[in-house]
Amino acid sequence: MDYNTDIIRDNNPMDSLEKQLICPICLEMFNKPVVILPCQHNLCRKCANDVFQAGNPYWPTRTSVSGGRFRCPTCRHEVILDRHGVYGLQRNLLVENIIDVYKQDYTSRPEKKENHPMCEKHEDEKINIYCLSCEVPTCSMCKVFGAHKDCDVSPLQSVYQSQKTELSSCISMLVAANDRIQCILSQLEESCKTVQKNCQKRKVSVIEAFEVLSRILEETKAHLTQRISKAEEEKLNFVRSLVHNYQEQLQSSSNLLKNAFQAMEHSGAANFLLNSKQLIKTIMEASKGCQLEKTDPGFENMDQFMLDVEQVSHFLKSIDFSPGCEDDEDDMEEYEETEEDRPEGKN
């Protein structure tokens, strides 16, 4: 079982209990009614109302149709109020009953001797008045005979109550200021998240746009290289047909030369003359018919397939964000439509 170490350490548990009954706003014991916040911390209802009014200066009355909000001064938990304001918060009757029991016990205890501060100038005199002119606490002897004899003074207790009330108001204002700062911090954190989300969205849209451009370039590259391959195949087929024709012509000429050499080797004139005339005629016809088709000058040149990408390169380098362009998906749809509408034979 856990125990409060402060209570165990203190000789009188009631003294430790008193510390638990101090309002974090006015720094005094809770004044009834005591309200309990959703975070389970307690406040005097008056102090809660002061904090709420400081943080919501335009909240007119407790009968307003809309609620408001403030933060718990202990844990900074946000308290959301309905149209009744702080009067809609639940009272902590248990704490109020504990306060009543404590006060009954306190009145029955003998009064503690307080360690009252003494005057530095008059060691036997207690500090019991407040110099309004010098704004310092002092003693009666200082007022009658000392440094404050010409000053305005006031009873210590009245100034004590006044400054304690002023300090309580300052605490309320500081708590309200902290609430406003916390609200701004929350807004800034949300702004960071929104910036990150929007930047991620823009990055994705840029990547998708360049993927579309890359796909268009790849398809155009494939189309153009296919045209070059087609022209290459046509020219190679033409040259191969010429090679085939010339090889046949060469083979025929070789056969005629073989026959001619054989005829030249015949020793008899009669045998030679029997075949020489026809052979000579055949060789003459073969010589006339050897003029086969040739390739035209510049046949090997492929300059018609040279690309001029200077303008396109300049355009790609000048790609930038368009001010006022809110929907990049429309742009990508236009890219795809342009790709589909592009004629198949267009460079």
Side-chain angles (χ1 to χ4, degrees), residues 38-39 51-52 54-60 64-73 75-82 173-235 300-347:
C39 57
V51 173
F52 173 64
N56 301 266
Y58 301 107
W59 198 79
S64 173
V65 295
S66 61
R69 61 186 65 197
F70 69 96
R71 292 188 180 273
C72 170
C75 67
R76 312 304 301 156
H77 178 79
E78 187 175 49
V79 180
I80 300 176
L81 303 176
D82 59 15
M173 289 189 294
L174 184 59
V175 170
N178 289 343
D179 287 342
R180 289 192 289 270
I181 293 175
Q182 186 64 41
C183 181
I184 293 174
L185 288 175
S186 299
Q187 293 175 352
L188 292 176
E189 290 175 358
E190 187 64 27
S191 178
C192 288
K193 293 178 181 179
T194 303
V195 168
Q196 291 176 335
K197 180 180 178 181
N198 289 339
C199 287
Q200 184 61 29
K201 181 180 178 182
R202 293 300 96 189
K203 288 178 182 178
V204 170
S205 67
V206 169
I207 292 173
E208 290 176 349
F210 273 86
E211 286 177 350
V212 171
L213 290 176
S214 178
R215 186 165 65 250
I216 294 173
L217 290 174
E218 286 295 327
E219 292 177 356
T220 304
K221 180 181 73 174
H223 173 71
L224 295 178
T225 53
Q226 183 180 9
R227 290 177 58 193
I228 295 175
S229 298
K230 183 179 179 181
E232 177 187 14
E233 183 179 2
E234 291 176 353
K235 290 196 175 189
E300 300 87 354
N301 196 336
M302 305 295 283
D303 290 344
Q304 69 270 29
F305 294 110
M306 290 183 63
L307 285 178
D308 182 8
V309 296
E310 182 178 356
Q311 292 184 350
V312 177
S313 300
H314 178 72
F315 170 76
L316 291 175
K317 291 179 181 178
S318 65
I319 291 178
D320 201 351
F321 300 107
S322 300
C325 183
E326 299 179 354
D327 192 355
D328 290 340
E329 294 181 358
D330 294 341
D331 296 339
M332 282 181 278
E333 290 178 359
E334 291 177 5
Y335 280 124
E336 294 176 353
E337 290 175 0
T338 304
E339 173 201 354
E340 293 174 357
D341 296 341
R342 179 172 56 84
E344 184 175 354
K346 185 178 180 181
N347 288 347

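The residues of the chain are indexed from 1 along the displayed sequence. Because the structure is predicted, anything quoted here is derived from the model rather than measured.
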- Message: Measuring from atom CG of L185 to atom OG of S191, what distance do you get when rounded to the nearest 0.5 angstrom?
- Response: 12.0 Å
- Message: Looking at I216, is its backbone amide N or carbonyl O close enough to the side chain of T220 to form a donor-acceptor pair, meaning the two atoms are under 3.5 Å apart?
- Response: yes
- Test item: I319 and L213 side chains (from C-beta on) under 4.5 Å apart, heavy atoms: yes
- Rounded distance [0.5 Å steps], OG in S229 versus CD in Q226: 7.5 Å
- Query: Counting heavy atoms not belonging to F305, are there more than 12 under 6.0 Å from its CZ?
  - Reply: yes
- Item | Donor-acceptor pair, side chain of S214 and main chain of F210, under 3.5 angstrom | no
- Query: Does K221 have any salt bridge (charged side-chain N to carboxylate O under 4.0 Å, His left out) partners at least two apart in sequence or in another chain, and if so, which?
  - Reply: E218
- Item | Minimum heavy-atom distance between C72 and V79, given as atom pair plus value | N-CG2, 4.3 Å
- Query: Can Q304 and I228 be said to form a side-chain contact (heavy atoms from CB on, under 4.5 Å), step by step?
  - Reply: CA-CA 10 Å; Q304 69 270 29; I228 295 175; over 6 Å; no
- Item | Shortest non-hydrogen contact from R71 toward D179 | CB-OD1, 2.8 Å
- Query: Do F70 and V175 have side-chain heavy atoms sitting under 4.5 Å apart?
  - Reply: no
- List the atom of T225, the atom of A222, and the distance in Å for their closest heavy-atom pair. OG1-O, 3.0 Å
- Query: Side-chain contact, heavy-atom cut-off 4.5 Å: V212 with E208?
  - Reply: no
- Item | From E78 atom CD to Q182 atom CD, the distance as rounded to the nearest 0.5 Å | 9.0 Å
- Note on the structure: CD of Q187 to SG of C192, rounded to nearest 0.5 Å, is 12.0 Å
- Query: Can you name the residues that form a side-chain hydrogen bond (donor to acceptor under 3.5 Å, both in side chains) with E190, not counting sequence neighbours?
  - Reply: none
- Tested for side-chain contact (heavy atoms from CB on, under 4.5 Å) against E310, the lone hit among L307, D308, V312 is D308
